[in-house]
Chemist: 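After the structure tokens below, expect a handful of questions from me.
Naming: A, B, ... by sequence-line order, numbering from 1 per chain.
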2 protein chains.
Amino acid sequence: MFGSRQFTSEVLEHCQTCSIRLTSVCSALKEEEIGGLAEITTLIKADPQETIFYEGDPADHLFNVTGGGVSMFKLLPDGRRQITGFLFAGDFLGLALHDHYSYSAEAITGATFCRFPRNKLEVLLDKYPKFEKRLLQTASNELAAAQDQMLLLGRKTAQERIASFLLNLSQRAMRRGQAGDKVDLPMSRADIGDYLGLTIETVSRTFTRLKKEEVIELPGVHEVVILDRAGLQDIAGFSAEDPVAAVAAF
Amino acid sequence: MFGSRQFTSEVLEHCQTCSIRLTSVCSALKEEEIGGLAEITTLIKADPQETIFYEGDPADHLFNVTGGGVSMFKLLPDGRRQITGFLFAGDFLGLALHDHYSYSAEAITGATFCRFPRNKLEVLLDKYPKFEKRLLQTASNELAAAQDQMLLLGRKTAQERIASFLLNLSQRAMRRGQAGDKVDLPMSRADIGDYLGLTIETVSRTFTRLKKEEVIELPGVHEVVILDRAGLQDIAGFSAEDPVAAVAAF
DNA sequence: TCAAAGCCTTGATCTGCATCAACACAAGAG
DNA sequence: CTCTTGTGTTGATGCAGATCAAGGCTTTGA
């Protein structure tokens, strides 16, 4: 999400800390902004998750993913988690124009990305007003995707959710120029479950079921081959991709 | 959603067909754009829902709700429905910058609204570049709300969903200057169910249960009195309103 | 005033997915 | 090599909410 290749290249010119491994940035932050307490080092070691920021943090940076994958998520007090989106190379993170992030973000694999201060974005926007329209376009796409996800979470069965998910990933891979029938699943089963509103067990069972029905193949835990795209679309409910034909009324 | 009082007043100056009852607009459209076949009349009679537009229709108009309520929704081929948002007076509809609407919209009560052509919006945006930023701000709010809704649909129980829903409506009423403890429910139980990913029976039972627990009162079918706001927030999971305290890391 | 049609509520039963539990497998670490 | 730890799969059981069913209340209209 928040993906826009062209805008990316334009912004990258202004990006100063590009292609840093997420963990490196964490260390850098430790030195720069806090000063290197032993406590902090321990904390970072104790939390092996490569966290980018948490919900409620001051939204002072904009991120651009340059490699790997990132998840955006929200938590309930008791730990239940909902992943609201996955981000891959080229996608933007932290674009929402709020003072504080309204969600958390962390890497699902060793992600590389670049970040730069929000105030520079403001300058950039004033300098190139066309950016504004592009941002709006991006937000608009985000919103449409969010609505699809609501339909999925509110009304689709487990099988329909998995099928929709695979088709979405496939489409995004194709848009990034890759083949569409071999889908990469860099995230864990837990991540998939938290994205689709299911448990890891249901995710696993549903993959197995789709395999038995010969709609997909599972060469490895983190890759899926789509054998029967039409069948998968049929299962998915089909509407996330193709809007239902407009009713003729009026 | 899409609510912005100030922007509203500015735009309204450019609005030409203001405060028309939705049904009137439908009739007008019938005459203008089709020509008044007897067939069509029958069709409209058979479909008493006051539909504004359907998913996939050309997105040639922007709407501003001036009274009553409107729902935005998506459908699956077999008729399952997910309402993605309710709109009330002052809210905008159809702002997404796509060629076609990515969802459908219809009135939940006799709604009044005004509409004007999208190309006029473009002109307006060029004329007042500040609008662009405001639109972006609005879209950004929408996105945050959508993420809250995903958390609700993916991870909350029926009781938590209803509680969150009531608190949201209450907050919106307060923002519109009304009292916060008496909440209006202009929509049907079916609409609430389709918004929260539940059945009408579960919605009804959950209201009854909250009443028995003396958290709310139900003076009428379409109104709720919040007796114990803290208790309701407790049930809601509380996070939709108040972000979880930022984890200290880094 | 009564009939018909819509909503809403409530009760009984069913079921898809969650939960609980056991095990398989791969990757490090010692 | 074995032990440990993390991650995924598979099976058995339980339950929240769906489905099925019946009845009440309100509105509309003749």
Side-chain angles (χ1 to χ4, degrees), chain A residues 45-50 69 71 76 78-82 108-110 152-165 185-212 216-224 235 237, chain B residues 45-50 69 71 76 78-82 108-110 152-165 185-212 216-224 235 237:
Chain A
K45 233 188 136 191
D47 178 16
Q49 290 177 329
E50 300 176 321
S71 67
L76 286 174
D78 63 1
R80 279 173 289 171
R81 183 176 70 148
Q82 178 65 39
I108 53 179
T109 57
L152 181 147
L153 292 170
R155 290 302 182 209
K156 288 190 181 180
T157 66
Q159 222 192 5
E160 289 166 345
R161 291 177 202 211
I162 294 284
S164 303
F165 175 63
L185 295 178
M187 67 292 288
S188 68
R189 295 292 189 261
D191 287 337
I192 298 173
D194 283 347
Y195 180 56
L196 300 177
L198 302 169
T199 59
I200 50 173
E201 293 94 332
T202 301
V203 170
S204 183
R205 276 187 250 272
T206 307
F207 275 129
T208 309
R209 187 169 153 203
L210 288 174
K211 193 176 82 178
K212 268 186 199 143
I216 62 168
E217 222 165 44
L218 295 166
V221 178
H222 291 292
E223 42 189 338
V224 172
I235 293 170
Chain B
K45 233 188 135 192
D47 178 17
Q49 292 175 327
E50 299 176 321
S71 66
L76 287 173
D78 63 1
R80 278 173 290 171
R81 184 176 70 148
Q82 179 65 40
I108 54 179
T109 56
L152 181 147
L153 292 171
R155 290 302 182 208
K156 289 190 180 179
T157 66
Q159 225 191 0
E160 290 166 345
R161 291 177 203 212
I162 295 284
S164 304
F165 176 63
L185 294 178
M187 67 293 286
S188 69
R189 296 291 188 262
D191 286 337
I192 297 174
D194 283 348
Y195 181 56
L196 301 177
L198 302 170
T199 58
I200 50 174
E201 292 94 333
T202 299
V203 170
S204 183
R205 277 187 250 271
T206 307
F207 275 128
T208 309
R209 186 170 154 202
L210 288 175
K211 193 177 80 180
K212 269 186 196 141
I216 62 168
E217 221 165 45
L218 294 167
V221 178
H222 292 293
E223 41 190 339
V224 172
I235 293 170

Chemist: If you take all heavy atoms of Arg161(B) and Lys156(B), which pair is closest and at what distance?
Modeler: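 Looking at all heavy atoms of both residues, the closest pair is NE-O, 2.9 Å.
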Chemist: Assign Gly197(A) to base, sugar-phosphate, or nothing according to its heavy-atom contacts below 4.0 angstrom with the strands shown.
Modeler: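 The answer is sugar-phosphate, as Gly197(A) gets under 4.0 Å only of primed atoms, P, OP1 or OP2.
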Chemist: For DNA chain C, find the residues of residues 199-209 of chain B with a heavy-atom distance under 4.0 Å and give them by number; none if there aren't any.
Modeler: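 Those residues whose heavy atoms fall under 4.0 Å from DNA chain C, taken from residues 199-209 of chain B in numerical order, are Glu201(B), Ser204(B), Arg205(B), Thr208(B).
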Chemist: With side chains defined as the heavy atoms from C-beta onward, is the minimum distance between Thr199(A) and Arg205(A) less than 4.5 Å?
Modeler: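 With C-beta onward as the side chain, the pair stays apart.
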Chemist: Show your reasoning for whether side chain to side chain contact (heavy atoms under 4.5 Å, CB included) applies to Gln82(B) and Leu153(B).
Modeler: CA-CA 10 Å; Gln82(B) 179 65 40; Leu153(B) 292 171; 3.8 Å; yes
Chemist: Start with the C-alpha distance between Ile235(A) and Leu210(A), add both sets of side-chain angles, then the distance that settles side chain to side chain contact (heavy atoms under 4.5 Å, CB included), and finish with yes or no.
Modeler: CA-CA 10 Å; Ile235(A) 293 170; Leu210(A) 288 174; 3.8 Å; yes
Chemist: I'd like to know whether Leu152(A) forms a side chain to side chain contact (heavy atoms under 4.5 Å, CB included) with Phe165(A), so could you lay out the CA-CA distance, the side-chain angles of the two residues, the decisive distance to 0.1 Å, and finally the verdict.
Modeler: CA-CA 9 Å; Leu152(A) 181 147; Phe165(A) 175 63; 5.6 Å; no
Chemist: Not counting sequence neighbours, which residues clear side-chain hydrogen bond (donor to acceptor under 3.5 Å, both in side chains) with Ser204(B)? List them please.
Modeler: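 Ser204(B) satisfies side-chain hydrogen bond (donor to acceptor under 3.5 Å, both in side chains) with no residue once adjacent residues are dropped.
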Chemist: So how far off straight is the helix from dT1(C)-dA30(D) to dG30(C)-dC1(D), going by the axes through five pairs at either end, to 10°?
Modeler: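 Roughly 30°, once rounded to the nearest ten degrees.
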Chemist: Provide the start and end nucleotides, 5' to 3', of the part of DNA chain D that has atoms under 4.0 Å from heavy atoms of chain A.
Modeler: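 The contacted stretch runs from dG8(D) to dA12(D).
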Chemist: With a 4.5 Å limit on heavy-atom distance, are the side chains of Asp78(B) and Arg155(A) in contact?
Modeler: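 Asp78(B) does not reach Arg155(A) side chain to side chain.
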Chemist: Taking only residues two or more places apart in sequence or in another chain, which ones pass salt bridge (charged side-chain N to carboxylate O under 4.0 Å, His left out) with Arg189(B)?
Modeler: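 Partners of Arg189(B) by the salt bridge (charged side-chain N to carboxylate O under 4.0 Å, His left out) criterion come out as none, since no residue qualifies.
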Chemist: Can you give the first and last nucleotides of DNA chain C, 5' to 3', that have an atom under 4.0 Å from a heavy atom of chain B?
Modeler: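 Contact span on the strand: dC8(C) to dA12(C).
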Chemist: Is the closest side-chain heavy-atom distance between Thr157(B) and Arg80(A) below 4.5 Å?
Modeler: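 Result yes, sub-4.5 Å side-chain heavy-atom pair found.
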